[in-house]
Amino acid sequence: MQLRQDKGVSRKFEELIKLALERGFFTSASEIYSDAPAGFWDYGPLGAAMKRKFIELWRRELVRRDCMLEIDGAQILSKSVFKASGHLDSFVDPIARCSKCGAIYRVDKLIEERTGLHVPERLNLDEMRRIVEENDVRCTRCGGKLTGYYYFNMMFRIGIGVAEADAYLRPETCQNIFVDFLRLYKTMRRKLPFAIAQYGKSFRNEISPRQGLLRMREFYQAEIEVFFNPNRANDFPKADAVMDYELRLQQVGESEPSEITCREALSQGLISSKLVAYYLALIQQFYEKAGIPKERIRLRQLGEDEKAFYAVEAWDLEVETSLGWIELVACNNRGDHDLGGHQRMSGQEMEVLDDGQKILPHVFELSMGVDRSLYCILENFLDLENGKTILRLPPYLAPIDAAILPLVSREPLTSKAMEIYDELRRDFDVEYDDSGSIGRRYMRYDEVGVPICITVDYQTMEDDTVTIRFRDSAHQIRVDVSDLPCLMRGWLAYP
RNA sequence: GCGGCCGUCGUCUAGCCUGGUCUAGGACGCUGGCCCCCCGAGCCAGCGGUCCCGGGUUCAAAUCCCGGCGGCCGCACCA
């Protein structure tokens with residue numbers, strides 16, 4: 001049930017991009033230059049503030065809730081890291097060029113398209129060339145022969161120092177976590193199972209970035225890597241608390257998700273272990289806390305042909321938008337792919353003691369696309385009814401907590417409003433605004449999701465009370481100025 | 001990267017086909033003033049445009065031609 005439109009992007013997508021540009025959520029990077037490459041975006045003040053609040057929710061609902069360790073790693077990592085992780089060899093597309101017209105093709109896709117033969121993921125270039133020649137696969141445009149076979153690696157390669165030694169911008173944040181695993185395990189005094197989290201930038205040289213924040217070349221990930229003993233993945237008492245929680249699972253071959261408790265999913269064998277069930281529950285709950293309605297969330301199981309090269313079990317958390325279902329979190333069981341790879345490559349033994357024996361931990365990850373998540377949340381709460389734009393964000397995700405507005409731009413109301421602004425602005429993200437009629441200002445702040453407006457009027461001058469006007473209902477109440485900090489903390493509180 | 005459509009103030013757009021009257025017009029927004037107002041009020045003034053970039057044709061290019069860059073959709077890839 002894709003909601004994808006036949007023509008153009010959705011109206012909501014367009015309105016959101018427009019709002020983002022006009023009000024400072026995000027804008028394309030290098031904008032004023034005509035050579036600005038696609039796939040790079042700058043967050044403006046409101047976007048940066050909202051992202052900060054989103055990450056704070058992530059810390060609250062995942063990192064702190066589950067006692068994870070959070071690190072902040074380098075974005076440039078050595079070539080060896082990516083040899084070990086497999087990205088150097090496997091994070092590639094096989095490419096060939098038409099010798100006549102220069103058209104560029106993905107060889108595996110072209111073979112499948114022309115011959116119907118399925119090309120396995122890890123077939124090497126020579127074999128692909130052989131298949132091309134045996135089946136006389138040619139350029140679809142001019143019929144020319146294919147030449148110049150090579151692998152296009154989606155990592156950005158960079159040169160370090162004057163010698164320009166090969167290194168790469170990380171294509172996923174988690175490699176730092178794997179490389180640092182043993183030191184963290186030893187120094188932070190953890191026992192399996194435990195998780196390490198990281199929020200930061202990743203870089204992928206996408207062939208064709210599209211759709212604003214949804215596919216970028218430089219993007220934020222918030223990743224969680226859970227290290228566990230594969231023999232004891234069901235010895236996991238923490239999961240008991242979520243056993244009756246209903247996951248919205250969509251298995252391979254199904255077209256709709258179905259709600260099923262963790263307990264039931266485990267007994268039917270849909271999920272490999274209690275540990276995996278627990279983390280799937282946590283991530284689904286996180287998006288519910290972010291305000292996405294449950295029926296717009298699904299955990300879709302990936303088939304063999306869809307999974308990343310390192311995954312042995314994979315679920316994507318997806319959210320339904322006006323553009324269709326968008327993948328926000330890859331939930332992958334990476335097995336021992338990463339620690340095993342780094343152990344072989346570095347010679348550093350990665351095995352740890354658990355349950356009386358040395359084992360190489362397996363990894364289950366929750367790899368979240370932050371920018372995509374922000375898009376989906378913004379779109380979800382964008383209300384365009386009645387010719388007005390109201391961004392009905394949960395208060396704890398709103399970039400601005402409150403606006404402080406003198407009813408009219410005249411003394412002593414302006415000074416009084418400024419006084420309240422001075423009083424609040426170190427504890428809250430508040431703005432002062434006396435420009436334009438009060439109605440216009442209410443609308444202005446509705447558009448960017450400010451949940452409450454604090455209006456200073458003539459009565460304020462008499463009894464030190466202000467009008468509180470709520471974004472979602474437009475209802476007003478009167479409160480004492482001295483009660484504002486306490487009341488605001490309540491209105492902005494997490495659920 | 002291919003194919004289709006497209007690119008004019010912050011945003012939306014008129015003009016492009018039929019080159020000159022365009023030193024590019026309007027609306028919304030924004031700024032200042034009057035007004036002093038509890039849900040986008042009104043009036044006045046103002047700011048704001050490399051017409052995506054580069055080249056070509058022409059006496060003359062937003063307009064015609066070529067190349068590039070970018071956007072959207074489709075193919076594909078993915079957080």
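By convention in this document, chain letters (A, B, ...) are assigned in the order of the sequence lines, proteins followed by strands, and residues within each chain are numbered from 1.
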Using the C1' atom on both, measure rG46(B) against rU58(B) and round to a whole Å.
-> 39 Å
What is the nucleic acid contact for T27(A), judged by heavy atoms within less than 4.0 Å: base, sugar-phosphate only, or nothing?
-> nothing
Taking the side chain of V408(A) as its heavy atoms from C-beta onward, which of rA79(B), rC38(B), rC36(B) lies nearest to it?
-> rC36(B)
Among rC39(B), rU11(B), rC78(B), the one nearest M443(A) by side-chain distance = rC39(B)
With the side chain defined as heavy atoms from C-beta on, E22(A) is closest, among rC38(B), rG10(B), rU31(B), to rG10(B)
In this structure, CD of Q175(A) is separated from CG of D180(A) (nearest 0.5 Å) by 11.0 Å
Atom CE of M216(A) and atom P of rG71(B): how far apart are they, to the nearest Å?
-> 13 Å
Given rC38(B), rC30(B), rU11(B), the nucleotide with the shortest approach to the side chain of T455(A) | rC38(B)
Whole-Å distance separating the CD atom of E15(A) from the C1' atom of rG10(B) = 15 Å
From the list R469(A), R471(A), K388(A), side-chain hydrogen bond (donor to acceptor under 3.5 Å, both in side chains) partner of D446(A) resolves to R469(A)
Minimum-distance nucleotide to R215(A) side chain [options: rC36(B), rC78(B), rC38(B)] = rC78(B)
Please answer whether rG40(B) and Y442(A) are stacked, defined here as ring centres separated by less than 5.5 Å and planes angled under 30°.
-> no
Considering heavy-atom distances to RNA chain B, does M154(A) or R469(A) have its closest nucleotide positioned more toward the 5' end?
-> R469(A)
At under 4.0 Å between heavy atoms, what does L328(A) touch on the DNA or RNA strands: base, sugar-phosphate, or nothing?
-> sugar-phosphate
Could you give the distance separating rG67(B) and rU57(B) at their C1' atoms, to the nearest angstrom?
-> 15 Å
Write down the distance separating the C1' atoms in rG26(B) and rC9(B), rounded off to the nearest Å.
-> 12 Å
Once you apply the 3.5 Å cut-off to both distances, tell me the Watson-Crick or G-U wobble partner of rA79(B), or none.
-> none
For nucleotides rC12(B) and rG56(B), find the distance between their P atoms and express it as a whole number of Å.
-> 32 Å
Among rG40(B), rU31(B), rC78(B), which is the nearest nucleotide to the side chain of R204(A)?
-> rC78(B)
Using the P atom on both, measure rA62(B) against rG19(B) and round to a whole Å.
-> 14 Å
Answer with base, sugar-phosphate or nothing: what part of the nucleic acid does L407(A) contact at a heavy-atom distance below 4.0 Å?
-> base
Considering only atom C1', compute the distance from rC30(B) to rC38(B) and round it to an integer number of Å.
-> 23 Å
Against the side chain of E447(A), the closest entry in rA79(B), rG40(B), rC38(B) is rG40(B)
Test log, rule ring pair (Phe, Tyr, Trp, His ring centres under 6.0 Å), inputs F91(A) and F152(A) = CA-CA 9 Å; F91(A) 198 55; F152(A) 173 72; 9.7 Å; no
Expected output: side-chain R248(A) to main-chain E295(A) donor-acceptor under 3.5 Å | yes
Taking atom C1' in both rA14(B) and rC73(B), compute the distance separating them and give it to the nearest angstrom.
-> 26 Å
Looking at every strand, decide which applies to S28(A) at a 4.0 Å heavy-atom threshold: base, sugar-phosphate, or nothing.
-> nothing
Any chance you could measure R298(A), atom CZ, to L317(A), atom CG, to the nearest 0.5 Å?
-> 10.0 Å
Would you say the base of rC37(B) and the side-chain of R441(A) have a donor-acceptor pair closer than 3.5 Å?
-> no
Among the nucleotides rU11(B), rC78(B), rC39(B), which one has an atom lying closest to any side-chain atom of K18(A)?
-> rU11(B)
With sugar-phosphate meaning primed atoms plus P, OP1 and OP2, does Q476(A) contact a base, only sugar-phosphate, or nothing at under 4.0 Å between heavy atoms?
-> base
Name the orientation class of the two ring planes belonging to F156(A) and F40(A) (parallel below 30°, tilted from 30 to 60°, perpendicular beyond 60°).
-> tilted
Could you tell me the separation between the CD atom of E327(A) and the P atom of rA79(B), rounded to a whole number of Å?
-> 7 Å
Determine the contact category for R440(A): base if any of its heavy atoms lies under 4.0 Å from a base atom, sugar-phosphate if only primed atoms, P, OP1 or OP2 are that close, otherwise nothing.
-> sugar-phosphate
Within the structure shown, what part of the strands sits under 4.0 Å from A474(A) by heavy-atom distance: base, sugar-phosphate, or nothing?
-> base
rA61(B) versus rG55(B) - spacing of their P atoms, nearest Å | 13 Å
Compare the minimum distances between each of rA41(B), rC36(B), rG40(B) and the side chain of Y458(A), then state the nucleotide with the smallest one.
-> rC36(B)
Name the orientation class of the two ring planes belonging to F26(A) and Y43(A) (parallel below 30°, tilted from 30 to 60°, perpendicular beyond 60°).
-> perpendicular
Using a heavy-atom cut-off of under 4.0 Å over every strand shown, decide if G212(A) touches base, sugar-phosphate, or nothing.
-> sugar-phosphate
